Amino acid sequence: MTPSAEFSNVAEELEWRGALFDATPGAAHALATEKVTCYNGFDPSASSLHVGNLVPIMGLVRLQRHGHTPIALVGGGTGMIGDPSFRAEERQLMSIEQIDENVEAIRLQLEPFLDFQAKSNPARMVNNADWLRKTNLLEFLRDIGKHFTVNTMMGRESVKGRFSRDSGISFTEFSYQLLQAYDFLTLYERHNCAFQAGGSDQWGNILGGVDLIRRIHGAGPDGRPRAHGIAYPLITSSSGEKFGKSTGGAPTLDPKQTSPYRLYQYFLNVADADAVPYVKLFTLLNQVQIGGLDAAVKTEPEKREAQRKLAEEVTRTVHGQGGLDQALRVTRAFFGGDIAGLSADEMEDVLDGSSVTEIRRDQLSGDGMKFSELAVSAGAGKSGGDVRRTVQQGGMYLNGVRVEDADRAVVAGDLIEGRLLVIRRGRKSYSLVKLAD
RNA sequence: GCAGGGGUUGGGGAGUGGUUAAACCCAGCAGACUGUAAAUCUGCCGCUCAACGGCUUCGCAGGUUCGAAUCCUGCCCCCUGCACCA
């Protein structure tokens with residue numbers, strides 16, 4: 001039995017998980033009584049999705065598990081304009097090459113989450129560049145633009161802020177909502193997709209699409225709306241911060257940018273108060289399992305069972321069992337025992353995928369190089385002074401041994417097995433320096 | 001366009017001729033404590049230097065001064081009123 005079997009429908013499940021912020025009238029009813037096709041758009045403005053995107057991604061996953069058909073849309077077309085929703089400033093236009101590159105990267109990241117082989121409800125992946133880039137302006141204005149009043153468009157909370165600013169909003173960005181509505185219409189007509197999900201910041205855009213479909217196709221045969229939408233809440237931590245806003249930016253789903261280890265650590269370190277809500281949002285664990293974790297957090301919070309489970313589940317979902325194993329190995333190595341006891345092979349294996357700095361052998365010959373210089377080039381400090389200060393405070397380690405003098409020479413003899421150096425800053429930040437081949 | 005206000009170190013925000021690398025708060029970093037937590041406490045938090053010190057910073061460019069973030073001139077940008085939007 002699947003974990004979702006305990007809920008009679010996906011709307012109920014999303015509600016329980018705290019993942020339902022808003023829904024059009026009739027949306028829940030439709031989800032409960034029909035098998036729908038639902039799409040969610042992903043913006044290609046960055047080269048990778050980040051943890052915040054897990055909410056909509058898991059939304060699609062849950063929909064599919066309840067028998068609905070998910071469509072993941074990557075915005076190769078809309079990305080050329082840029083969504084102005086809740087943004088203070090006009091966006092910088094991106095080059096088409098950059099957009100296409102990002103689209104491809106995001107497409108690859110999304111694929112593992114969905115089942116494209118399912119018999120009755122296989123997932124689909126679409127790119128709105130396929131239709132938007134060849135849209136004819138005059139036809140678009142006659143067929144689509146005519147259904148929108150500027151009055152309504154200006155009333156959207158998501159763009160209101162821009163009118164009062166001096167910098168204003170360009171016509172280009174202002175028309176964004178038409179494009180997203182047109183996407184919805186296109187998917188409705190091509191794939192019978194009558195549902196759209198998205199973050200609460202997308203609510204206005206979603207309603208625009210629902211509205212457009214009604215204007216063009218009228219109400220459904222039973223008098224109910226044909227198209228629906230649901231919105232996910234903006235996730236915040238118990239301390240009120242935007243989810244993902246951690247040190248060094250939001251963790252991404254790209255292992256090259258955020259190693260599985262770092263992703264694991266990010267979730268392992270969430271506050272007690274956030275652990276269970278996050279487990280609900282980001283994992284497929286069922287009510288019984290989550291209930292157990294909830295109890296565990298209350299009775300023995302020091303064990304951090306919920307955090308462990310959360311980190312484990314998310315890391316496995318994003319990076320697979322292999323990624324999780326690696327994250328656990330690194331974690332055990334760093335927080336379990338003595339780092340100095342690890343072999344170079346183990347170190348390398350364990351840090352594979354995280355950022356590694358290379359140095360040439362001649363840089364370590366003779367008097368070698370100053371530790372402070374090495375640490376800066378390895379990214380363990382912002383400047384020589386920064387490293388020096390940290391050393392003075394007792395926060396720097398080379399190969400597991402506390403560094404007493406920032407200017408100590410690092411020579412070839414310091415290399416673990418002649419090829420690796422491990423710099424640790426503070427309790428949990430590690431950098432690896434490798435001898436270039 | 002006119003009038004008024006303003007652009008200071010990551011953010012907020014003091015500072016109106018020297019004692020200011022620049023108060024204070026937040027964020028960040030390190031240490032202690034701990035559960036790889038929260039809270040708390042301590043130190044740090046432009047670059048450089050073992051240190052003394054040196055150097056570069058207060059929108060941009062000049063200038064006045066022994067000496068300027070602080071005064072003057074020009075320029076750029078932002079905010080607030082008013083006007084304009086035939």
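No experiment lies behind these values; they were computed from the predicted model shown. A note on names: the letters A, B, ... follow the listed sequences, proteins ahead of strands, and every chain is numbered from 1.
- The residue from A/L60, A/L253, A/I57 that alone fulfils the side-chain contact (heavy atoms from CB on, under 4.5 Å) condition with A/L110 is A/I57.
- Between the CZ atom of A/R388 and the P atom of B/G31 there is a distance of 18 Å, given to the nearest Å.
- Of the side-chain N and O atoms in A/R389, one or more sit less than 4.0 angstrom from OP1 or OP2 of B/C47.
- Distance OH (A/Y266) to P (B/A37): 16 Å, rounded to an integer number of Å.
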Between A/D100 and A/R133, does a salt bridge (Lys or Arg N to Asp or Glu O under 4.0 Å) hold up when you go through it step by step? CA-CA 12 Å; A/D100 287 344; A/R133 288 189 191 173; 2.8 Å; yes
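- Two residues, A/R427 and A/Q393, neighbour RNA chain B, and the one matched to the more 5' nucleotide by heavy-atom proximity is A/R427.
- Computed from coordinates, the A/L268 CG to B/A38 P distance equals 12 Å when rounded to whole Å.
- Proximity note for A/D272 (side chain, C-beta onward) versus B/G35, B/A50, B/U36: the nearest is B/G35.
- The partner of B/A30 is B/U42, by the rule that a Watson-Crick or G-U pair needs both atom distances under 3.5 Å.
- One can place NZ of A/K382 at 10 Å from P of B/C45, the figure rounded to the nearest angstrom.
- Under the 6.0 Å cut-off for aromatic ring centres, A/Y39 and A/F184 qualify, their centroids lying closer than that.
- Annotation: B/G13 and B/U80 have their P atoms spaced 15 Å apart (nearest Å).
- Under the Watson-Crick and G-U wobble criteria, each requiring two contacts below 3.5 Å, nucleotide B/C82 is paired to B/G1.
- Tested against A/R107, the residues A/E111, A/E104, A/Q109 include a single side chain to side chain donor-acceptor pair (under 3.5 Å) partner, A/E104.
- For the C1' atom pair drawn from B/G59 and B/U9, the interatomic distance equals 14 Å after rounding to whole Å.
- Here A/Q307 lies in heavy-atom contact (under 4.0 Å) with a base.
- Judged by distance alone, with hydrogens and angles left aside, A/Q265 brings a side-chain donor or acceptor within reach of the base of B/U36, the pair sitting under 3.5 Å.
- In this structure, the CZ atom of A/F267 is 20 Å from the C1' atom of B/G35, given to the nearest Å.
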Worked verdict on A/Q180 versus A/D183 for side-chain hydrogen bond (donor to acceptor under 3.5 Å, both in side chains): CA-CA 5 Å; A/Q180 190 162 327; A/D183 278 348; over 6 Å; no
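- What separates CG of A/L293 from P of B/G35 is a distance of 21 Å, to the nearest Å.
- Comparing the C1' positions of B/G10 and B/C45 gives an interatomic distance of 11 Å, to the nearest angstrom.
- Base pairing of B/C24: its partner is B/G12, meeting the Watson-Crick or G-U wobble criterion (both donor-acceptor distances under 3.5 Å).
- What separates CD1 of A/I423 from C1' of B/A30 is a distance of 16 Å, to the nearest Å.
- Among the atoms of the strands shown, only primed sugar atoms or phosphate atoms (P, OP1, OP2) are found under 4.0 Å from some heavy atom of A/D407.
- Residue A/N269 places its side chain closer to B/A37 than to any other of B/A37, B/G35, B/A30.
- At a threshold of 4.0 Å, the pair A/K370-A/D405 does not count as salt-bridged, since none of the basic side-chain nitrogens sits closer than that to a carboxylate oxygen.
- For the P atoms, the distance from B/A68 to B/C77 is 28 Å, rounded to whole Å.
- Pairing for B/U36 is absent, with no Watson-Crick or G-U wobble pair whose two atom distances lie under 3.5 Å.
- Between A/K303 and A/M396, the residue anchored nearer the 5' end of RNA chain B, judged by the nucleotide with its closest heavy atom, is A/M396.
- When the side-chain nitrogen and oxygen atoms of A/S383 are compared with OP1 and OP2 of B/U48, one or more of them lie within a distance under 4.0 Å.
- Going from the P atom of B/G4 to that of B/U73 covers 14 Å, rounded to whole Å.
- Nucleotides B/G43 and B/C25, compared at atom P, are 12 Å apart to the nearest Å.
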Applying side chain to side chain contact (heavy atoms under 4.5 Å, CB included), run through A/E139 and A/D143 and close with a yes or a no. CA-CA 6 Å; A/E139 281 174 19; A/D143 299 343; 4.2 Å; yes
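- When distances run from any side-chain atom of A/T331 to the nucleotides B/U48, B/A30, B/U36, the shortest one goes to B/U36.
- Taking atom P in both B/G35 and B/G53, one finds a spacing of 44 Å when rounded to whole Å.
- Separation of the P atoms belonging to B/G67 and B/G28 is 43 Å when rounded to the nearest angstrom.
- The separation between A/R402 atom CZ and B/A32 atom P is 6 Å, rounded to whole Å.
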